[in-house]
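Structure first, commentary second.
Naming convention: chains lettered A, B, ... in sequence-line order (proteins, then strands); numbering from 1 in each chain.
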2 protein chains.
Amino acid sequence: MADLLPVIECEGRQRILAAAEDLFSDKAFDAVSMNAIALQAGISKANIYHYFPNKDALYLAVLRDASQNLRALLHDAVHAHGTIVDVLRHFARRHLQALLDRPQLVRLVWREILEKGAPRAQEFAEQGFADMFTALVAVLKTGQSRGELRGDFDPALVATLLLGANVFFFQSRDILRHYPPITFADDPAGYDAGVVEILLRGLVPESSVDTSHIR
Amino acid sequence: MADLLPVIECEGRQRILAAAEDLFSDKAFDAVSMNAIALQAGISKANIYHYFPNKDALYLAVLRDASQNLRALLHDAVHAHGTIVDVLRHFARRHLQALLDRPQLVRLVWREILEKGAPRAQEFAEQGFADMFTALVAVLKTGQSRGELRGDFDPALVATLLLGANVFFFQSRDILRHYPPITFADDPAGYDAGVVEILLRGLVPESSVDTSHIR
DNA sequence: GCTGGTATTGACCGAATGGTCGGGCGCGCG
DNA sequence: CGCGCGCCCGACCATTCGGTCAATACCAGC
């Protein structure tokens with residue numbers, strides 16, 4: 001049974017894209033052969049070349065696809081209401097959840113960011129970054145102007161810190177799970193709650209920490 | 001002129017290791033051919049097989065090497081003296097500096113952590129993690145027991161947060177540099193100072209943030 | 001000079017790679 | 001019907017891959 005909507009993309013093409021996305025998200029570009037993709041898609045290798053001129057184009061298409069999907073997914077995490085503090089809590093929570101919901105997409109895009117050798121499509125990969133960043137910075141600035149947040153910190157830095165906390169958690173969850181003192185490896189909600197809590201209140205008992213000797 | 005110390009490893013082997021490390025840090029395992037390594041090392045491909053039984057063993061040796069070097073490098077970042085707050089500042093600063101000083105090693109090890117498909121040597125890669133982690137957690141706990149730090153936060157979580165801030169900065173520096181609101185992309189010291197500052201003091205003006213509605 | 005082990009090499013191997021080609025299948029349309 | 005055209009495939013190609021091997025060059029000890 002076909003989709004009710006008239007599907008623009010022929011379904012063979014999408015089968016290929018799905019298979020390629022699946023494989024490329026686990027292994028690097030050169031580690032995935034066209035044969036493997038064809039096998040996973042249940043078609044012949046030659047057929048892939050009917051839809052894509054070469055392997056690079058296919059990879060690029062997969063990355064563009066993943067990038068757009070990831071952007072849409074993360075886009076939803078931005079919207080929230082209530083106090084700035086509430087918005088921050090929601091944002092952190094939903095952002096991390098979005099990452100964990102689609103680990104394949106995230107790994108795919110993130111690997112492209114890290115690979116120095118062949119910048120195949122950093123533009124795509126960086127878009128999601130920009131969205132999250134500007135949104136978060138805007139939230140923080142609003143909080144500052146409203147007086148709900150301190151005015152003497154750099155919003156961009158805090159945005160980096162929060163995004164980094166989530167990305168790092170996503171990346172190293174499997175490793176973190178091995179260490180006994182870590183209890184939050186399987187509790188992303190608890191992790192984010194703790195992170196935001198610390199960011200808001202700080203580590204020192206009073207707000208009277210001596211900051212004069214920062215070097 | 002040779003080293004004054006008697007070198008255990010024959011120098012051919014080290015040439016190979018150096019070349020392989022160079023190439024493997026830029027491109028993934030399958031994207032680096034034995035031919036390329038031989039070329040870069042200025043020797044014949046067959047000669048590589050005199051020192052290493054196969055490509056996997058060579059890669060493993062490179063990774064073990066990189067892992068140990070990185071560990072040694074990071075190990076120095078732990079030691080510091082003064083108040084806990086000072087130790088924390090030093091730690092953050094030197095940890096990030098260590099990452100930035102040897103980007104190749106870090107990328108090499110970190111890629112191994114991220115790759116799901118073939119866990120070639122996660123053990124090696126995870127060692128550095130454990131070191132940093134336990135050291136940081138110990139510092140934080142000391143701070144808590146001394147009353148210099150709040151007692152109601154999870155030390156492991158804060159350790160994750162701080163380590164993540166540095167790793168994330170390292171990973172996405174090139175991207176961060178593109179965004180106008182970010183001024184710290186080329187100022188790791190300033191970044192870490194800001195991060196620690198926020199961690200210590202928190203984002204809210206008073207320490208009276210309402211935490212009753214954390215979900 | 002001879003010997004034996006180490007270092008090093010070019011030539012070579014089978015397998016797998018990315019990519020091509022000619023043709024067959026099926027369906028809509030004149 | 002048959003004609004054309006997307007869709008799809010088996011077979012094939014040149015190249016490159018990881019890896020092998022026999023043969024050197026080299027050098028220390030006898």
Side-chain angles (χ1 to χ4, degrees), chain A residues 1-3 6-63 108 111-112 115 117-118 120-121, chain B residues 1-3 6-64 108 111-112 115 117-121:
Chain A
M1 56 186 71
D3 292 320
V7 188
I8 301 280
E9 306 269 4
C10 29
E11 74 109 39
R13 191 186 143 99
Q14 277 169 308
R15 282 260 295 276
I16 297 172
L17 277 175
E21 181 183 303
D22 199 35
L23 295 178
F24 279 135
S25 70
D26 270 355
K27 298 153 83 179
F29 179 81
D30 299 83
V32 176
S33 73
M34 294 300 262
N35 258 319
I37 297 174
L39 204 68
Q40 167 116 356
I43 58 169
S44 78
K45 181 180 67 167
N47 194 13
I48 298 181
Y49 289 89
H50 175 70
Y51 295 98
F52 303 93
N54 52 46
K55 191 181 179 182
D56 273 274
L58 169 58
Y59 181 77
L60 215 68
V62 168
L63 202 67
L108 196 54
R111 179 192 299 127
E112 195 58 31
E115 214 72 24
R120 263 177 258 271
Chain B
M1 55 187 68
D3 291 319
V7 187
I8 300 279
E9 307 269 3
C10 28
E11 74 110 40
R13 190 185 143 99
Q14 276 171 308
R15 282 259 296 274
I16 297 172
L17 278 174
E21 180 183 304
D22 199 34
L23 295 178
F24 279 135
S25 70
D26 271 354
K27 299 153 81 178
F29 179 82
D30 299 83
V32 177
S33 72
M34 294 299 263
N35 258 318
I37 297 174
L39 204 67
Q40 169 113 358
I43 58 168
S44 77
K45 181 180 66 168
N47 196 11
I48 298 181
Y49 288 89
H50 175 70
Y51 294 98
F52 303 93
N54 52 45
K55 190 182 179 182
D56 272 276
L58 170 57
Y59 181 78
L60 214 69
V62 168
L63 201 67
R64 158 183 269 133
L108 196 54
R111 179 192 300 126
E112 195 59 29
E115 214 70 23
R120 262 176 259 272

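- Contact check, A:Ser33 against C:dA16: no side-chain N or O comes under 4.0 Å of OP1 or OP2.
- Residues passing the side-chain contact (heavy atoms from CB on, under 4.5 Å) test with B:Ala18, sequence neighbours excluded: none.
- Between C:dG18 and A:Asn35, no contact under 4.0 Å exists linking OP1 or OP2 to a side-chain N or O.
- Taking atom OH of A:Tyr49 as the reference point, atom C1' of C:dG23 lies 20 Å away to the nearest angstrom.
- Rounded to whole Å, the distance from CG on A:Asp30 to P on D:dC17 is 10 Å.
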Report all side-chain donor-acceptor pairs from residues 37-45 of chain A shorter than 3.5 Å, counting only partners two or more places apart or in another chain.
unit_1, atom_1, unit_2, atom_2, d
A:Gln40, NE2, A:Asp22, OD2, 2.6
A:Ser44, OG, A:Asn47, N, 3.2

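- Rounded to a whole Å, the OH atom of B:Tyr59 is 20 Å from the C1' atom of D:dG19.
- With sequence neighbours excluded, the residues forming a side-chain contact (heavy atoms from CB on, under 4.5 Å) with A:Lys55 are A:Phe24, A:Phe29, A:Met34, listed by chain and number.
- When rounded to the nearest whole Å, the span between CG of A:Asn54 and P of C:dT20 equals 8 Å.
- Side-chain contact between B:Val62 and B:Phe52 is absent, with no heavy-atom pair separated by less than 4.5 Å.
- Between A:Leu17 atom CG and A:Glu11 atom CD the span is 12.0 Å, to the nearest 0.5 Å.
- B:Glu112 has its side chain within reach of B:Tyr59: a pair of non-hydrogen atoms, C-beta onward, lies under 4.5 Å apart.
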For a quick check, with a 4.0 angstrom heavy-atom cut-off, what is the B/S/- contact string for nucleotides 8-15 of chain C, read 5' to 3'? BBB-----

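- The interatomic distance linking B:Met34 (CE) with C:dT17 (C1') rounds to 18 Å, in whole Å.
- Atom pair A:Asp56:CG and C:dG19:C1' shows a separation of 13 Å (rounding to whole Å applied).
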